[in-house]
Student: 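Here you go, one structure.
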Amino acid sequence: MTRLSASSDAPVPTHDSYDPTAIEAKWQTRWRERGTNETDIAAGPNPFYALMMFPYPSAEGLHVGNLFAFTGNDIYGRFQRLQGHTVFEPMGFDAFGIHSENYALKVGEHPMRLIPRNVANFTRQLKRAGLMIDWRYAVDTTDPAYYKWTQWVFVQLFRKGLAYRKEAAVNWCPADKTVLANEQVIAGACERCGTKVEQRFLAQWFFRISNYAERLLDNLEHLDWSETTLTAQRNWIGRSEGAEIHFVVRGPSSEVRTSRSSDLGAPTSDLVVFTTRPDTIFGATYMVLAPEHPLVVRITSPDRRDSVQAYRDDTARQDIVARKINREKTGVFTGSYAVNPATGADIPIWIADYVLMDYGTGAIMAVPGHDERDFEFATLFHLPIVRVTAPEGVPADAPLAEPFVDDEGAHLVNSAQFDGTSVAHAKRKVTEWLESRGAAKAVVNFRLHDWCISRQRYWGPPIPIIHCDHCGPQPVPEKDLPVVLPDIPDFRPDDTGISPLARHEKWYVVPCPKCGGTGRRETDVSDTFLDSAWYFLRYPSADRDDVPFAPEATRKWLPVTSYIGGNEHAVLHLMYSRFITMVLHDMGHLHFEEPFTRFRAHGHIIREGAKMSKTKGNIVNPDRYFEQWGADAFRMYLMFLGPFQEGGDFRDAGISGVRSFLNRLWLAVVDARKDGTPDADVLRKMHQTIRKVGDDTARLSYNTAIAAMMEYMNTLRKGDRTPHQDEVRPLVQLVAPYAPHVAEELWEKLGNSSSVMDGGWPAFDAALAREEFIQLAVQVNGKLRGTISVPRDIAQDAAVTAAMAEHQVAKFVTSPPRKVVFVPGRLLNLVV
RNA sequence: GCGGGGGUGGCGAAAUGGUAGACGCGGGGGCCUUAAAAGCCCCUCCGGGCAACCGGGUGCGGGUUCGAGUCCCGCCCCUCGCACCA
């Protein structure tokens, strides 16, 4: 037989058990020959787009975490197909990016040679897993035929004014030697390698995602997405309502006073802060600027210049991790004062690193009485702390031992005409008052920043821009796309902040597309997240090379019906995809503005107490399991080990249970009798099982669906009985999404010549599923005292009579029940 | 600190406010077999009891309810995000 028999702990196929290696190979071949998994993109009725997040094809190959996610999606797709949909389940490879490039550098091989090997290995494993993928529509982001259109997307954004280049303080990873998006910086460290991120000033390309903040937030209301994902997006967008308040700066420098024009018109203000608590303006006793704030130099008095400069240098040298983790307050006084527009008082202006340049305006009004950080700072530097809100019953002059931040039920004090106004009310009232004096403006502030998309690396699509001294940056004409990434040997990045492509003059010197003069190609490549921000648009049109996405296919297949993926992409990939889709919609390229109608986040596989990852060294390669147990058993085990949306513990011990279930299924079908009639009790259980497996599969509750099939199997073979074909046939159909190869083989054994995937879902008959007798739980005072078998539709009186006839019940009912609670079909509770 | 998800047998886990522990793993006993494997049957939350049964039990403390793993209030712990966000 096969190598199965050579392995010590693998089940040896006998007449009682099936040989997965043989039948899985047989069906994978047959699917390919018959085109079973091919989707009729043009004409298939009732389309259902079952999308899974495409993998990065690592050199280690597919791991169990990938397979867990893909299997979960495949079951859902197959289930929808059995329900009568034309299901499209495509696959692709997210093969550009730092991850691939770093690996290539490590092993000293060029990514252009390395990646195709990885892709081939992944493809082999994905096929082995029996996924219902239509390989004719596979995409690879590193294929010029694909990234031609990634570049096209960039050009669209550029034309719409949504791509711009600016010199900016950016997150620089000194290990990866590239710029990172804010979303890729976790607690001040590179999310990829954990190296502390530095600030650098570099010219970078950005996408104006912040223009879409409000819409990205509002649309969340209407999306059928996992709640956890929606929450993550809301938090990331970080909308807060408040006011911008303008403060006039007094001395020491007279030029300051008129230096900044305001969009409020006269009078001119000097310093703008953002606050969510305008109601506390009367308690603003000092101000703080971020050390990097551009106004710092001009407002610093001559005698403070040295200490201010020293502090700024110190901050710049500090790594961001230390700045964010180490919360001890530090700061220096600038020597200048500003006028509090509410009180008219002069308040000192400080600089301190607890105020961040990249949120709000980079400056705050400090209200130490009602903010933890300001309180701490004021205490340290002996700045005045004033109470301006108080809860009910607390006098206005009550001292503050700690900041009072609770605004529920509190009212203003020491705030002139606003004394007594509730905090909730005062937020608006004070803003209106300041507005009327030209000192404030109600604003909504977002945490979401523009998306930095340039990367000073090699392994990505070149940004399709040509710089010209006369014409400025010009997009590469669409007819000249793609800008092909050249095959260069020296692709290693350095820390100059300049891409490796900038070393290749022959590549980057090109004529300006506008004036024909000497131009210079942009030598940065784009962020990998741009590749994946539109791939779902490409799949249905992957056979077209003249358009990024064909109108007919797009209208038919998009937006994506069901998307399943990891929640680690809740704020990166999913946010960017929504943004790109919105932009393309606004430009008239798409008929919808939200790409994923339904999204479900799957859980993660834990092994040895940790999430499976390469760094933890607890990765499991599925090949061994395919070989030892078969793809069907392995798929089913992964789905059985815990709820799909929560994940679970991976351990070898559990696999034997599902393998044994499949063996028993095999035997049940092989031995099934054709003569005689099926058993009515078994048929009842069968219909109950059809209902439960359908309901559970539809809500991704795969573990309980499998449990229900096992339960039915126990009924079917109880006492070694020989089941009837009519009893087993539907079970083969129910198991098909989970264990497609065995299901096909058994379906054939049952006399069918077409695929089980084209056989539909078995019909559920409510009448046949109904129990005539039920076990009614009988409680006395809420405590279970017994169960009685009664007709399903028994009336309350009859149920009470039957219950009282039971000694176990009667002995606890010492007096006539005061109350009877009867839940038909479930329970009877006698209260005495 | 803020937000999400959790805490149930030896283990993975089930339970629209209605019989806690389905299903599976592991463990124990039995049938079949020359033997093994496979298959089949029974037992397996804890304590007491020969048994029928009785008592206790879903992180901790309260509450609502005829009835709470499930709802409410107050805590503890684990886990994943975010985090000096003004």
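Quick caveat: nothing in here was measured; it's all calculated off a predicted structure. Hydrogens, waters and symmetry mates are skipped; everything else that's a heavy atom, side chains included, is used. Every chain is numbered from 1 and lettered A, B, ... according to where its sequence line falls, protein lines coming before strand lines.
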Student: Which is more 5' along RNA chain B, the nucleotide nearest G642(A) or the one nearest M710(A)? Just name the residue.
Tutor: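 So the residue in question is G642(A).
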Student: Looking for any heavy atom pair under 4.0 Å, which part of the strands does V831(A) touch: base, sugar-phosphate only, or nothing?
Tutor: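 Sugar-phosphate only.
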Student: Which is true for N567(A) with a 4.0 Å heavy-atom rule: it touches a base, it touches only sugar-phosphate, or it touches nothing?
Tutor: nothing
Student: Is D681(A) paired with R684(A) through a side-chain N to carboxylate O contact shorter than 4.0 Å?
Tutor: yes
Student: So does T722(A) get a backbone contact from the side chain of R673(A), meaning a donor-acceptor N/O pair under 3.5 Å?
Tutor: yes
Student: Just to be sure I understand the rule, does I364(A) reach a base, reach only the sugar-phosphate, or reach nothing, if contact means heavy atoms closer than 4.0 Å?
Tutor: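 Base contact - I364(A) has a heavy atom under 4.0 Å of at least one base atom.
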Student: Would you kindly check if the NZ (Lys) or CZ (Arg) of R659(A) is within the cone defined by 45 degrees around the ring axis of Y18(A) and under 6.0 Å from the six-membered ring centre?
Tutor: yes
Student: Ignoring the backbone of A707(A), work out which of C66(B), A86(B), C23(B) is nearest its side chain.
Tutor: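 Minimum distance to the A707(A) side chain belongs to C23(B).
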Student: Provide the distance between the two C1' atoms, one in C43(B) and one in G10(B), to the nearest whole Å.
Tutor: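 Result for the C1' pair: 16 Å, nearest Å.
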Student: Among the candidates C23(B), C66(B), G39(B), find the nucleotide nearest to the side-chain atoms of F640(A).
Tutor: C23(B)
Student: With a 4.5 Å cut-off on side-chain heavy atoms, are F640(A) and M710(A) touching?
Tutor: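 They are in side-chain contact.
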Student: Quick one: on RNA chain B, does R785(A) or G648(A) contact a more 5' nucleotide (nearest heavy atom)?
Tutor: G648(A)
Student: Could you please name the option among C84(B), U19(B), G12(B) that lies closest to any side-chain atom of R373(A)?
Tutor: C84(B)
Student: Side chain of Q808(A), heavy atoms from C-beta onward: which of C85(B), C53(B), G18(B) has the nearest atom to it?
Tutor: C53(B)
Student: Whether the side chain of K718(A) and the base of C40(B) hold a donor-acceptor pair under 3.5 Å is what I'd like checked.
Tutor: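 In this structure, the two groups form no donor-acceptor pair.
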Student: Quick one: which of C66(B), G3(B), C85(B) gets closest to the side chain of N235(A)?
Tutor: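 Out of C66(B), G3(B), C85(B), the nucleotide with an atom closest to N235(A)'s side chain is G3(B).
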Student: Describe the nucleic acid contact of K329(A) in one word from base, sugar-phosphate, nothing, applying a heavy-atom distance below 4.0 Å.
Tutor: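 Base, at least one base atom sits under 4.0 Å.
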Student: Which of these nucleotides, A15(B), G56(B), A83(B), is closest to any side-chain atom of K783(A)?
Tutor: G56(B)
Student: Could you tell me whether Q775(A) contacts a base, only the sugar-phosphate backbone, or nothing, with contacts defined as non-hydrogen atoms closer than 4.0 Å?
Tutor: base
Student: What nucleotide among A14(B), C82(B), C23(B) has an atom nearest to a side-chain atom of N714(A)?
Tutor: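 Among A14(B), C82(B), C23(B), the one nearest the side chain of N714(A) is C23(B).
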Student: If you apply the rule ring pair (Phe, Tyr, Trp, His ring centres under 6.0 Å), what do you find for F661(A) with Y738(A), and how did you get there?
Tutor: CA-CA 12 Å; F661(A) 165 75; Y738(A) 293 84; 9.6 Å; no
Student: Quick one: do W629(A) and Y637(A) satisfy ring pair (Phe, Tyr, Trp, His ring centres under 6.0 Å)? Show the steps, please.
Tutor: CA-CA 10 Å; W629(A) 301 96; Y637(A) 167 65; 9.2 Å; no
Student: Base, sugar-phosphate, or nothing for R651(A), non-hydrogen atoms under 4.0 angstrom?
Tutor: sugar-phosphate
Student: With sugar-phosphate meaning primed atoms plus P, OP1 and OP2, does F446(A) contact a base, only sugar-phosphate, or nothing at under 4.0 Å between heavy atoms?
Tutor: nothing
Student: In whole angstroms, how far is the C1' atom of C11(B) from the CG atom of D652(A)?
Tutor: 14 Å
Student: D371(A) near the nucleic acid: base, sugar-phosphate alone, or nothing, with a heavy-atom cut-off under 4.0 Å?
Tutor: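 No contact.
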Student: Looking for any heavy atom pair under 4.0 Å, which part of the strands does T228(A) touch: base, sugar-phosphate only, or nothing?
Tutor: sugar-phosphate
Student: Grab the CZ-C1' distance between R664(A) and A37(B) for me, whole Å please.
Tutor: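 The answer, rounded to whole Å, is 17 Å.
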Student: Any base atoms under 4.0 Å from N703(A), or only sugar-phosphate, or nothing? Heavy atoms, all strands.
Tutor: sugar-phosphate
Student: Measure from the side chain of Q779(A), starting at C-beta and using heavy atoms only, and say which of A15(B), G18(B), A22(B) lies closest.
Tutor: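 Minimum distance to the Q779(A) side chain belongs to G18(B).
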Student: Which part of the nucleic acid does E711(A) contact within heavy-atom distance under 4.0 Å: base, sugar-phosphate only, or nothing?
Tutor: sugar-phosphate
